[in-house]
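Only this structure's heavy atoms are used, side chains among them; waters, hydrogens and symmetry mates stay out.
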Amino acid sequence: MQEKVLKNKKHGMLVLLLILALYIAGILGAVFSDEAGDPWSGLVFAISVVWLAVGWIFLFGLKVLKPQEALVLTLFGKYIGTLKGEGFYYVNPFCASVNPAAKTRLSQSGDVDGGASKPILVASAGQAGKTAEAASQKISLKIMTLNNNRQKINDCLGNPVEIGIAVMWRVVDTAKAVFTVDNYKEYLSLQCDSALRNIVRIYPYDVAPNVDTTGDGIADEGSLRGSSEIVASRIRDEIQAKVAEAGLEIIEARITYLAYAPEIAAVMLQRQQASAIIDARKMIVDGAVGMVELALERLSQNHTVELDEERKAAMVSNLLVVLCGNHDAQPVVNSGSLY
């Protein structure tokens, strides 16, 4: 299905003025056509009455579009074209506008009511109701933001993580969006969920050894937390490949939420804390060993005190206890001799 943009249809104001003029002429013809002696009075009266009775049908051909709006039109089930761009249009009054996703509400811009239906007070249940229904059939060409629900997905190591994404998208081919899929909004949401699962299962939450995330057979340091830009780009490409046939363009995809699932969050937090403690202890030990070496070297160079190997070992042990301990050391002062 190829999109056909209807051009040279911006005659709405001219047709509206013409219809109003014909209505005025019809009223005048119905009122003054009963003059005696006029052989055409009966015909003029009949034409005026018929026009006043059915002339309002042509008003349904008037279409008003705002910027970045489109209207897909069918005539007796056949696709005849799409109106795009702001303007006052006039088309065949028997044309019907089609938008199967008009009543679909997602967690996205433009659908902020979340599916809640609000009562609308109308003066006339006829023309006003039809006008509201026709307005709902318009397709927005603006850039929309879809905030998909958070999903619980296992990463490549089997750890459950919760992740949410925001997808910026827009309709680029109205014919494909309306006629290729049943509901392009629901189709987009489903493809976002599927692409998110496919990509997240490739990566670990954090950097892990012997994990290949690029598919080249070589282990790398890719992770959901550290490679968020790359992960988002792959998610965007995955979604675009699926929704191109529906006439949609994915502009950008971003990770909005990323965390371990609640059932393992506490364990993973302890693991991260243990890793941080080990790294800190390693740094403390390295510094303490350097300080001990420096102290022994300075004592040996200045001949401050001569220590045998046993006393050096005791001094090293005491210094390491003092430097590596969690609490301040309580010194014991030896007031006697060294030996």
Side-chain angles (χ1 to χ4, degrees), residues 1-29 47-48 50-104 109-111 122 124 126-144 168-185 187-188 240 243-251:
M1 180 68 66
Q2 296 294 328
E3 182 184 59
K4 295 185 296 183
V5 180
L6 298 177
K7 300 179 180 180
N8 301 325
K9 294 290 184 179
K10 294 185 179 181
H11 308 306
M13 184 58 66
L14 179 61
V15 174
L16 178 61
L17 295 177
L18 179 60
I19 292 175
L20 294 178
L22 291 176
Y23 256 95
I24 294 174
I27 294 173
L28 295 177
I47 294 176
S48 299
V50 171
W51 170 254
L52 292 176
V54 301
W56 55 270
I57 296 177
F58 293 93
L59 294 175
F60 289 103
L62 299 173
K63 308 292 182 182
V64 179
L65 293 181
K66 293 178 287 187
Q68 295 298 315
E69 286 185 345
L71 203 60
V72 178
L73 302 176
T74 60
L75 181 60
F76 304 119
K78 181 181 179 181
Y79 171 65
I80 62 172
T82 301
L83 298 178
K84 276 188 175 182
E86 71 276 11
F88 195 9
Y89 296 86
Y90 183 78
V91 296
N92 192 321
F94 295 100
C95 287
S97 56
V98 182
N99 183 7
K103 297 181 180 180
T104 302
S109 57
D111 296 332
V122 293
S124 173
Q127 184 176 358
K130 293 179 180 179
T131 303
E133 182 180 359
S136 66
Q137 301 299 318
K138 295 177 182 178
I139 298 176
S140 176
L141 303 179
K142 301 175 183 178
I143 297 177
M144 307 285 285
M168 277 62 76
W169 66 281
R170 63 184 174 187
V171 178
V172 293
D173 193 313
T174 56
K176 289 183 178 180
V178 171
F179 298 112
T180 302
V181 295
D182 182 65
N183 188 315
Y184 63 88
K185 288 185 179 180
Y187 181 78
L188 172 64
Q240 182 61 67
V243 302
E245 59 183 358
L248 306 179
E249 179 188 4
I250 307 301
I251 300 174

Residues that T82 engages under side chain to side chain contact (heavy atoms under 4.5 Å, CB included), provided they are two or more places apart: E3, A70, V72, Y79, K84, T174

Would you indicate whether the side-chain heavy atoms of L71 and I139 approach each other to under 4.5 Å? no

Can you pull the salt bridge (Lys or Arg N to Asp or Glu O under 4.0 Å) pairs that have at least one residue in residues 73-82, sequence neighbours excluded? none

Output every pair passing salt bridge (Lys or Arg N to Asp or Glu O under 4.0 Å) with a member in residues 91-101, not counting sequence neighbours, ordered by first then second residue. none

Under the side-chain hydrogen bond (donor to acceptor under 3.5 Å, both in side chains) definition, can you give me all pairs with a residue in residues 64-75, not counting sequence neighbours? none

Of all residues at least two apart in sequence or in a different chain, which pass the ring-ring contact (aromatic ring centres under 6.0 Å, His included) check with F58? W51

What residues form a side-chain hydrogen bond (donor to acceptor under 3.5 Å, both in side chains) with D173, not counting sequence neighbours? none

Do I251 and W169 touch side chain to side chain, with heavy atoms closer than 4.5 Å? no

Run the side chain to side chain contact (heavy atoms under 4.5 Å, CB included) test against L6 and tell me which residues pass, sequence neighbours left out. K9, L73, L83

I'd like to check L75 versus V91 (side-chain heavy atoms, cut-off strictly below 4.5 Å). Are they in contact? no

Which residues pass the side chain to side chain contact (heavy atoms under 4.5 Å, CB included) test with V172, not counting sequence neighbours? R170, E249

Using the test side chain to side chain contact (heavy atoms under 4.5 Å, CB included), find all partners of E86 that sit at least two apart in sequence or belong to another chain. P67

Tell me every residue that passes side-chain hydrogen bond (donor to acceptor under 3.5 Å, both in side chains) with Y187, counting only those two or more places apart in sequence or in another chain. E245

